[in-house]
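Letters go in sequence order (proteins before strands), and every chain restarts at 1. Because the structure is a prediction, the values reported are computed rather than measured.
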Protein chains: 2
Amino acid sequence: MSKLKFYYDLLSQPSRGLYIFLNLTKIPHENKSVALRKAEHLTDEYKENINRFQKVPCIIDNDFKLAECVAIFRYLAREHKIPDNLYPEDSKVRAKVDEYLEWQHNNIRSYCALYFRYVWMNPLLGRKVNPEKAEEMKDRMSDNIDLFQEIWLNSNNKFIAGNEISVADILAACELEQPKIAGYDPTIGRPKLKEYMELVRQTTNPYYDEAHKILYKFLPENIAKPKL
Amino acid sequence: MSKLKFYYDLLSQPSRGLYIFLNLTKIPHENKSVALRKAEHLTDEYKENINRFQKVPCIIDNDFKLAECVAIFRYLAREHKIPDNLYPEDSKVRAKVDEYLEWQHNNIRSYCALYFRYVWMNPLLGRKVNPEKAEEMKDRMSDNIDLFQEIWLNSNNKFIAGNEISVADILAACELEQPKIAGYDPTIGRPKLKEYMELVRQTTNPYYDEAHKILYKFLPENIAKPKL
């Protein structure tokens with residue numbers, strides 16, 4: 001049994017990002033699946049013994065508890081030998097990866113997650129969805145995905161911080177997959193983004209598909225599914 | 001003339017955080033004030049030559065451009081010798097600082113900034129403020145500040161990641177100052193928070209007060225001002 005415990009739900013975007021990272025880097029770990037749909041993260045026991053934020057993903061390394069996906073990437077990159085490209089040692093390249101990791105919180109991450117929660121989660125929770133509000137949220141998300149393309153995919157580089165994949169790309173692709181469940185495919189009308197996401201997928205497979213298997217199951221009819 | 005150029009507006013929370021950090025660490029830099037109220041960040045020249053996100057703060061180190069306050073802290077901590085407590089070398093303590101830096105984006109940072117923008121900026125821009133919406137936003141912000149206190153100030157430590165101040169505390173305090181301009185003092189009814197913010201101020205002065213001088217000028221009558 002490994003000492004690093006990884007708590008996750010594959011319907012959570014950063015959980016998938018960390019799942020892919022842990023498998024790509026071969027960091028020994030023990031998978032601890034947490035079913036958000038069963039509110040397993042909302043128990044007192046979870047709050048007290050696993051993660052005081054009551055979220056996924058998180059880790060416990062021996063007795064050291066850590067939450068926040070980006071903080072976990074950085075911690076694991078210090079504690080283990082990992083392929084340099086994933087979180088580059090070069091100070092300026094690392095700064096560019098960091099710049100994306102900080103930027104995404106109030107951009108891609110919020111917009112895609114908000115739309116997903118509003119359109120897909122609300123009906124499951126018995127809450128009404130206001131079609132006008134859903135449309136507004138879709139527009140804002142769509143503008144933000146355009147901005148993502150314009151800012152982060154506008155060079156001749158294949159990936160966000162250069163020609164090799166980093167944790168920034170893994171996290172970006174995992175976020176951009178999420179609105180698909182709610183019926184919005186961000187790659188439609190965005191050939192550059194489509195190519196980029198496919199490249200992230202190929203570069204990180206088989207772990208990318210493993211991480212997205214459950215999400216793909218939930219995709220509505222009108223959204224293209226990769227053949228697994 | 002130093003090679004590091006620092007672009008900022010002291011009415012921006014992360015700008016103040018970085019201002020304090022740069023002065024505490026004595027990293028040589030050249031101040032480049034950007035007046036957000038004059039939309040100096042929205043020009044094509046700024047977008048092209050300074051910061052493609054059209055925001056503050058950002059830096060240009062020789063010809064290396066970097067945005068996102070947290071990414072900048074990390075970059076500067078690698079490039080310069082800084083007091084260890086500000087961004088600790090110890091992997092686990094650093095992870096705790098990182099955990100806060102990632103957590104704050106969609107917590108303290110969003111709630112305090114959203115309230116400030118809605119209540120204080122809108123009237124300046126000739127937009128109406130709906131009192132009910134303002135009240136709802138205030139409640140959400142207030143709940144989040146309670147959560148901040150509960151989660152981050154609940155140990156016997158003086159600061160977020162231990163008994164010494166780190167960039168996490170600097171950023172937290174700068175965010176928590178912001179709603180004061182909009183007439184909301186987060187320290188009222190929260191003695192622990194009040195003591196914490198005063199400690200951050202004392203530990204980082206005279207730079208804390210320098211950074212907040214303009215903000216203090218804008219404080220409404222009902223909000224307590226420190227004597228400068």
K.L.:
Around atom CG of B:Asp44, are there more than 12 heavy atoms from other residues, nucleotides or ligands closer than 6.0 Å?
P.N.:
no
K.L.:
Checking B:Arg74 against chain A: side chain, backbone, both or neither under 4.5 Å from a heavy atom?
P.N.:
side chain
K.L.:
Do B:Phe53 and A:Glu99 touch side chain to side chain, with heavy atoms closer than 4.5 Å?
P.N.:
yes
K.L.:
Name the member of B:Ile72, B:Leu101, B:Ile151 that forms the most heavy-atom pairs with chain A at distances under 4.5 Å.
P.N.:
B:Ile151
K.L.:
Does a side-chain heavy-atom distance below 4.5 Å link A:His105 with B:Glu102?
P.N.:
yes
K.L.:
Which one wins on heavy-atom pair count under 4.5 Å against chain A: B:Tyr75, B:Tyr100, B:Trp103?
P.N.:
B:Trp103
K.L.:
Could you measure the distance from the CD1 atom of B:Ile20 to the OG1 atom of B:Thr25? Nearest 0.5 Å is fine.
P.N.:
11.5 Å
K.L.:
Under the 3.5 angstrom rule, does the side chain of A:Thr43 hit a backbone N or O of A:Tyr46 as a donor-acceptor pair?
P.N.:
yes
K.L.:
So for B:Lys47, is it side chain, backbone, both, or neither that comes closer than 4.5 Å to the heavy atoms of chain A?
P.N.:
side chain
K.L.:
Quick one: what part of A:Arg52 sits under 4.5 Å from any heavy atom of chain B, side chain, backbone, both or neither?
P.N.:
both
K.L.:
Any side-chain heavy atom of A:Tyr8 sitting closer than 4.5 Å to one from A:Leu18?
P.N.:
no
K.L.:
B:Ser91, B:Ala67, B:Ala95: which one forms the most heavy-atom pairs within less than 4.5 Å of chain A?
P.N.:
B:Ser91
K.L.:
Looking at A:Leu66, A:Asp61, A:Leu147, which one has more heavy-atom pairs under 4.5 Å with chain B than the rest?
P.N.:
A:Leu66
K.L.:
Please look at B:Ser110 and chain A and tell me whether the side chain, the backbone, both or neither of the residue comes under 4.5 angstrom of a heavy atom of that chain.
P.N.:
side chain
K.L.:
So do the side chains of A:Phe159 and A:Asn85 get within less than 4.5 Å of each other, counting heavy atoms only?
P.N.:
no
K.L.:
Counting heavy-atom pairs under 4.5 Å to chain B, which of A:Lys96, A:Lys65, A:Lys92 comes out on top?
P.N.:
A:Lys92
